[in-house]
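Step one of this worksheet: look at the structure below.
All chains are named by letter (A, B, ...) in the order of the sequence lines, taking the proteins before the strands, and each is independently numbered beginning at 1. Quantities reported herein were computed from a predicted structural model and do not represent experimental measurements.
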There are 2 protein chains.
Amino acid sequence: MSNPKHSDNTADAVVPKAVVTRLSLYLRELQTLLRGGTETISSNQLGKVLGFTDAQVRKDLTYFGQFGYPGIGYRCEELIVEIKKILGTDRKWPVALIGVGNLGRALLGYRGFGDQGFQFVAAFDLEPEKIGQSIDRIPVFGLEQLEEIIGQRSIKLAVLAVPAASAQSVADRLVRAGIDGLLNFAPVTIALPSSVSLVGVDLAIELEQLTFAVVKKDDKS
Amino acid sequence: MSNPKHSDNTADAVVPKAVVTRLSLYLRELQTLLRGGTETISSNQLGKVLGFTDAQVRKDLTYFGQFGYPGIGYRCEELIVEIKKILGTDRKWPVALIGVGNLGRALLGYRGFGDQGFQFVAAFDLEPEKIGQSIDRIPVFGLEQLEEIIGQRSIKLAVLAVPAASAQSVADRLVRAGIDGLLNFAPVTIALPSSVSLVGVDLAIELEQLTFAVVKKDDKS
DNA sequence: TAGATTGTTAATCGATTAACAATC
DNA sequence: TAGATTGTTAATCGATTAACAATC
């Protein structure tokens with residue numbers, strides 16, 4: 001039995017961003033495995049399905065503690081709990097959505113968020129017809145209520161699905177309203193104070209990564 | 001000793017994946033700058049808005065050629081053309097969408113794809129009510145027509161927006177149908193032959209990257 | 001010319017992998 | 001015990017940055 005000695009070193013070593021991304025992939029895979037009835041898994045097996053080496057899996061995890069059993073591997077259920085603690089998704093996170101367009105509405109209804117502990121509690125838009133409505137049980141407010149609602153409800157995470165032209169100004173307001181993390185879907189660079197975390201998802205850019213690979217392959221043949 | 005030439009080495013040096021991602025960011029920023037009237041930009045300025053060093057910008061670009069002017073910088077319009085050539089988006093790409101749910105429908109209507117040369121030409125779903133419809137002018141076919149339509153139209157790129165449980169089997173069919181690149185939104189690991197490119201976007205994982213950063217910050221204070 | 005900035009090499013930094021004693 | 005696998009250090013590999021001659 002391993003001694004839980006991972007109390008003090010949690011998060012004081014600088015953890016590479018890539019490690020955190022893989023942590024999320026481990027979590028997702030472990031959840032899939034557990035659903036399928038797998039109880040334990042070795043770093044080698046887990047790495048293989050995700051395309052990583054066993055050493056990498058073990059190294060990544062030891063940034064945060066000792067979670068495995070020599071000779072056995074990792075217990076899926078246990079490791080899931082630990083990774084959720086590390087990522088901070090061992091709790092429920094209320095989330096605000098800004099921009100109730102096509103994409104925004106799809107995000108409001110996306111089941112995958114709820115499964116991982118995220119819950120939209122308020123949406124915001126400029127269009128009068130949308131304000132006052134509820135979409136998938138989430139109330140849509142006018143943009144002018146942004147600061148009020150986010151403050152009241154202590155919302156720390158926001159998802160930006162507004163047009164590129166207004167993304168920066170809305171982001172600025174979100175920061176002033178007290179947001180700590182922003183997931184930006186607008187295809188534009190956003191500048192934020194370094195105290196606020198930013199993740200950007202640009203759908204066209206994802207496709208460009210694909211075309212680059214496809215074109216490169218064609219060049220070779 | 002012979003002089004190694006790097007004039008026609010486009011794409012035979014192995015290009016790190018991170019470089020390609022930054023290339024897309026350069027492109028997006030240059031397009032924004034050009035729209036705003038900027039004609040030339042230095043590696044230092046371009047790096048600054050994106051959070052990179054000037055050396056990194058120049059190094060990334062020289063994987064593919066010499067595009068700048070000493071003493072001046074880069075001409076935005078010119079560099080945009082060059083990066084598009086590199087990424088393969090100097091042409092139009094027909095794209096298939098599989099899974100016409102909330103997210104799928106939002107993607108069909110997403111303007112950002114068209115702006116960068118991507119065009120959905122066919123959507124597929126299992127539900128009979130959806131089949132035969134058109135959404136944003138894109139026809140929805142039954143899944144049984146997948147191979148037929150993709151073959152006929154020589155579609156090389158597909159976007160997967162189906163439930164996690166069916167993602168792998170649909171991916172397998174897409175590969176057999178001749179797809180070269182797959183953008184997967186299903187929150188599950190997909191295994192593909194190495195000849196097919198895969199980019200995965202997991203929306204919950206993106207939020208987890210944010211919570212990790214937020215929780216870590218809280219720990220410190 | 002003086003000032004600015006590129007392209008590129010060499011130095012530095014950081015991340016991944018190999019190896020193995022410890023352990024179950 | 002024999003076999004399997006972890007946690008961790010050291011070695012390797014790769015990516016970023018600094019520096020500067022060349023150039024406009």
Side-chain angles (χ1 to χ4, degrees), chain A residues 1-10 12-23 25-26 30 33 38-76 78-79 82-83 86, chain B residues 1-10 12-23 25-26 30 33 38-76 78-79 82-83 86:
Chain A
M1 184 71 70
S2 62
N3 252 342
K5 59 163 303 192
H6 44 81
S7 33
D8 17 303
N9 65 343
T10 310
D12 44 336
V14 176
V15 180
K17 206 164 83 59
V19 171
V20 185
T21 305
R22 286 195 296 268
L23 228 42
L25 292 171
Y26 300 152
L30 288 162
L33 287 163
T38 305
E39 300 200 333
T40 69
I41 191 165
S42 67
S43 55
N44 184 271
Q45 293 173 291
L46 182 56
K48 197 160 285 168
V49 298
L50 291 169
F52 308 131
T53 65
D54 59 327
Q56 179 140 73
V57 172
R58 295 197 301 279
K59 188 85 202 304
D60 285 348
L61 293 172
T62 52
Y63 274 98
F64 306 98
Q66 304 186 160
F67 307 119
Y69 301 88
I72 292 162
Y74 301 86
R75 303 205 202 285
C76 295
E78 227 174 87
L79 191 50
E82 294 294 345
I83 296 180
I86 297 164
Chain B
M1 49 193 69
S2 69
N3 232 336
K5 284 274 148 221
H6 353 53
S7 36
D8 46 23
N9 67 345
T10 310
D12 46 335
V14 175
V15 180
K17 205 162 86 54
V19 171
V20 184
T21 304
R22 286 194 297 268
L23 228 42
L25 292 171
Y26 300 152
L30 288 163
L33 287 163
T38 305
E39 299 200 335
T40 69
I41 191 164
S42 69
S43 56
N44 183 271
Q45 292 172 293
L46 182 56
K48 196 160 282 169
V49 297
L50 291 168
F52 308 130
T53 64
D54 59 328
Q56 179 140 75
V57 173
R58 294 197 302 277
K59 188 85 198 312
D60 285 348
L61 292 173
T62 51
Y63 275 98
F64 306 98
Q66 304 187 162
F67 307 121
Y69 301 87
I72 293 162
Y74 301 87
R75 302 204 202 285
C76 296
E78 229 175 86
L79 191 51
E82 294 295 343
I83 296 181
I86 295 165

query: Atom CD1 of I72(A) to atom P of dA4(D): distance rounded to whole Å?
result: 13 Å

Spacing of L46(B) atom CG and R22(B) atom CZ [to the nearest 0.5 Å]: 11.5 Å

statement: Nearest heavy-atom approach of K59(A) to T62(A) is O-OG1, 2.9 Å

message: Please report the interatomic distance CD(E39(A)) to CG(L33(A)), rounded to the nearest 0.5 Å.
response: 12.0 Å

query: In Å and rounded to the nearest 0.5 Å, what is the OH to OG1 distance from Y26(B) to T21(B)?
result: 10.5 Å

- line: Residues in residues 42-49 of chain A with a heavy atom under 4.0 Å of DNA chain C, by number, are none

- prompt: Under 3.5 Å, side chain of Q56(B) to main-chain N/O of T53(B), donor-acceptor pair present?
  reply: no

task: Figure out the CD/P separation between Q66(A) and dT5(D), and round it to whole Å.
output: 18 Å

- prompt: Could you state the CG-C1' distance from L79(A) to dG7(D), rounded to the nearest angstrom?
  reply: 14 Å

Derivation and outcome, side chain to side chain contact (heavy atoms under 4.5 Å, CB included), residues L79(B) and L61(B): CA-CA 10 Å; L79(B) 191 51; L61(B) 292 173; 4.1 Å; yes

- request: Whole angstrom is fine here: how far is it from OH in Y69(A) over to C1' in dG7(D)?
  value: 14 Å

- request: Take R58(B) and S43(B) through the test side-chain hydrogen bond (donor to acceptor under 3.5 Å, both in side chains) and record every step on the way to the result.
  value: CA-CA 6 Å; R58(B) 294 197 302 277; S43(B) 56; 3.0 Å; yes

statement: Atom CZ of F67(A) and atom P of dT8(D) are separated, to the nearest Å, by 11 Å

query: What is the distance, rounded to the nearest whole Å, between atom CD of E78(A) and atom P of dC24(C)?
result: 14 Å

query: What are the two closest heavy atoms between C76(B) and L30(B), and how far apart are they?
result: SG-CD2, 4.0 Å

query: Could you write nucleotides 9-20 of chain D as a row of B, S and -, 5' to 3', where a protein heavy atom under 4.0 Å of any base atom gives B, of only sugar-phosphate atoms gives S, and otherwise -?
result: B-----SBBBB-

Audit row: F67(B), I86(B), side chain to side chain contact (heavy atoms under 4.5 Å, CB included) steps and yes/no: CA-CA 12 Å; F67(B) 307 121; I86(B) 295 165; 4.2 Å; yes

message: Expressed as a whole number of angstroms, how long is the span from E82(B):CD to dT6(C):P?
response: 16 Å

- prompt: What would the secondary structure line of DNA chain C be in dot-bracket form, counting Watson-Crick and G-U wobble pairs under 3.5 Å, with [ ] for pairs that cross earlier ones and | for pairs with another strand?
  reply: ..||||||||||||||||||||||

message: Using 0.5 Å steps for rounding, measure from the CD1 atom of I83(B) to the CZ atom of F64(B).
response: 9.0 Å

Reported CD-to-OH distance for the pair E82(A) and Y74(A), which is rounded to 0.5 angstrom: 12.0 Å

message: What is the separation between atom CG on L61(A) and atom C1' on dT5(D), rounded to the nearest whole Å?
response: 14 Å

